[in-house]
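Here's the structure we're looking at; comments come further down.
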There are 2 protein chains.
Amino acid sequence: MSDTSKPYVLIVEDEAPLVTLLRYNLEKQGFRVEDAGDGGEALTRITEAPPDLLLLDWMLPTMSGIELCRQLRRRPATRTLPIIMLTARAEDQDAVRGLDTGADDYITKPFSTEALIARIRALLRRAGALPQKNKLNFHDISLDPASHRVLRNGRSLHLGPTEFRLLEFFLRHPKRVFSREDVLNAVWGRDIHVEPRTVDVHIRRLRKAINGPDEIDIVRTVRAAGYALDLEDPAF
Amino acid sequence: MSDTSKPYVLIVEDEAPLVTLLRYNLEKQGFRVEDAGDGGEALTRITEAPPDLLLLDWMLPTMSGIELCRQLRRRPATRTLPIIMLTARAEDQDAVRGLDTGADDYITKPFSTEALIARIRALLRRAGALPQKNKLNFHDISLDPASHRVLRNGRSLHLGPTEFRLLEFFLRHPKRVFSREDVLNAVWGRDIHVEPRTVDVHIRRLRKAINGPDEIDIVRTVRAAGYALDLEDPAF
DNA sequence: AGCACCGTCATCAAACCTTCATGGAACCGT
DNA sequence: ACGGTTCCATGAAGGTTTGATGACGGTGCT
């Protein structure tokens, strides 16, 4: 659900000609396509902007496709990311299917473009079938502007008016860092004179309100820059 | 986002003279401008081609601005669309700000063109639609100015403020050598007095921060000249 | 009055920046 | 090749900045 327009497919494949072919066909079908040549690059791209679907070669230079797949399945953020494995005919199909790679589907090289597109559509349909309401959410927090309610892990939170608007603002622009001035302008209003330090205090109140005893802090402090609604470690 | 050329601003306002005025000023500032006289027309236009930013009158003939705003927020495609509300002075500012309209900013009529332009630019910058290009990368490093994050091989790096700005600067001019003076001017600021040797120390800290155990050093020292973001071995 | 909330301030600890001293590597002329 | 010189890498020290936190007084509402 990264972009509003086209579904974003990331191809992880080291054979350049195959990448070119795939890119051409997928783009013709209205997908946005990016590619990565090895596992490391793939991890970087996925972490910075998770695709809607991953086309993953079984055999890769540095990190194998299986290994990458496992790593992705280990992270909550990518646990449900649809993955299609590309395998060579030589490889044992039963192994591919049986091994708990965590891939959602696989296809044997060589394959027809039509078959691939069909599987991609099927997976996307399955994954995209569970869209969101008019609520804002991030990680395990959900805010409903209409009913003015905030939930974390299903339990209801009580926020003061300012904390509520603060959280709402952050939820509308997740993972983005805002300076205290930005926050003041957006949450308090433009022509109000308030000390920038006041933001600190409300951030603290917000943290205290939303962070239970065993829960991670989803408000990230960026020294000399501001605050963001984000996880400290993007792998989680 | 939508287009590569000019940012596209849609004005939803029923007072024709005001529309004319706004259109004139915005187009002079390099925006592409369209307008809609009521909520229904606005919805149509937005659906067929979502603007980069919406200027929305609070009071409208058929569907109120608030209602339109709510509807837009309900759709995934327009959930994050930047919206600036135009309100009359009479209306209660607190209500405008507090009510869950979902607007990103508001401005009170009558307003100066400068103020409006400033807010539009601020919002567009935040939304990432302006020249402010997102995500710089080089080799296997990726830096996102918006979220203030740096990744290498998928893992997140922690940089101090100065190291961050330093890396950002180098990423914007890869493979180019800069003297210590150049770096000081660009990263520290022009009229700051700091010993050129200090650059060494920060380069070292940057190296320590970004270079993992098995990773190559991306910062190249050019004796008697300065530093560059580059691979030591030009063997690709 | 009692309550919930807000803005400001003082304080403390951690993170950070700058400078300096030292050692070593690269470079130069002989 | 050799000594001398220039330049860079590195570690540590001292001082500064910045954010977290707790407390306080004020305000509006019930």
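Computed from a predicted structure; not experimentally measured.
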Would you say [N] has OP1 or OP2 under 4.0 Å from some side-chain N or O of [X]?
{"X": "W188(B)", "N": "dT18(C)", "result": "yes"}
{"X": "T162(B)", "N": "dC16(C)", "result": "no"}
{"X": "R180(A)", "N": "dG19(D)", "result": "yes"}
{"X": "Y227(A)", "N": "dA20(D)", "result": "yes"}
{"X": "T221(B)", "N": "dC8(D)", "result": "no"}
{"X": "R207(A)", "N": "dA20(D)", "result": "yes"}

- Sub-3.5 Å donor-acceptor pair from the side chain of R165(A) to the main-chain atoms of G160(A), do we have one?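 Judged by distance alone, no pair lies under 3.5 Å.
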- Applying side chain to side chain donor-acceptor pair (under 3.5 Å) between E163(A) and each of R205(A), H158(A), H202(A), report the one that passes.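 The passing option is H202(A).
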- Base, sugar-phosphate, or nothing for H202(A), non-hydrogen atoms under 4.0 angstrom?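 The answer is sugar-phosphate, as H202(A) gets under 4.0 Å only of primed atoms, P, OP1 or OP2.
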- Message: So F164(B), base contact, sugar-phosphate only, or nothing? Heavy-atom distance under 4.0 Å.
- Response: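 Nothing, no nucleic acid heavy atom in range.
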- Query: So, do I203(A) and V183(A) sit near enough that their side-chain heavy atoms are less than 4.5 Å apart?
  - Reply: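 The answer is no; the side chains never approach within 4.5 Å.
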- Rounding to a whole Å, what distance do you find between R197(A):CZ and dT11(C):P?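 R197(A) atom CZ is separated from dT11(C) atom P by 16 Å.
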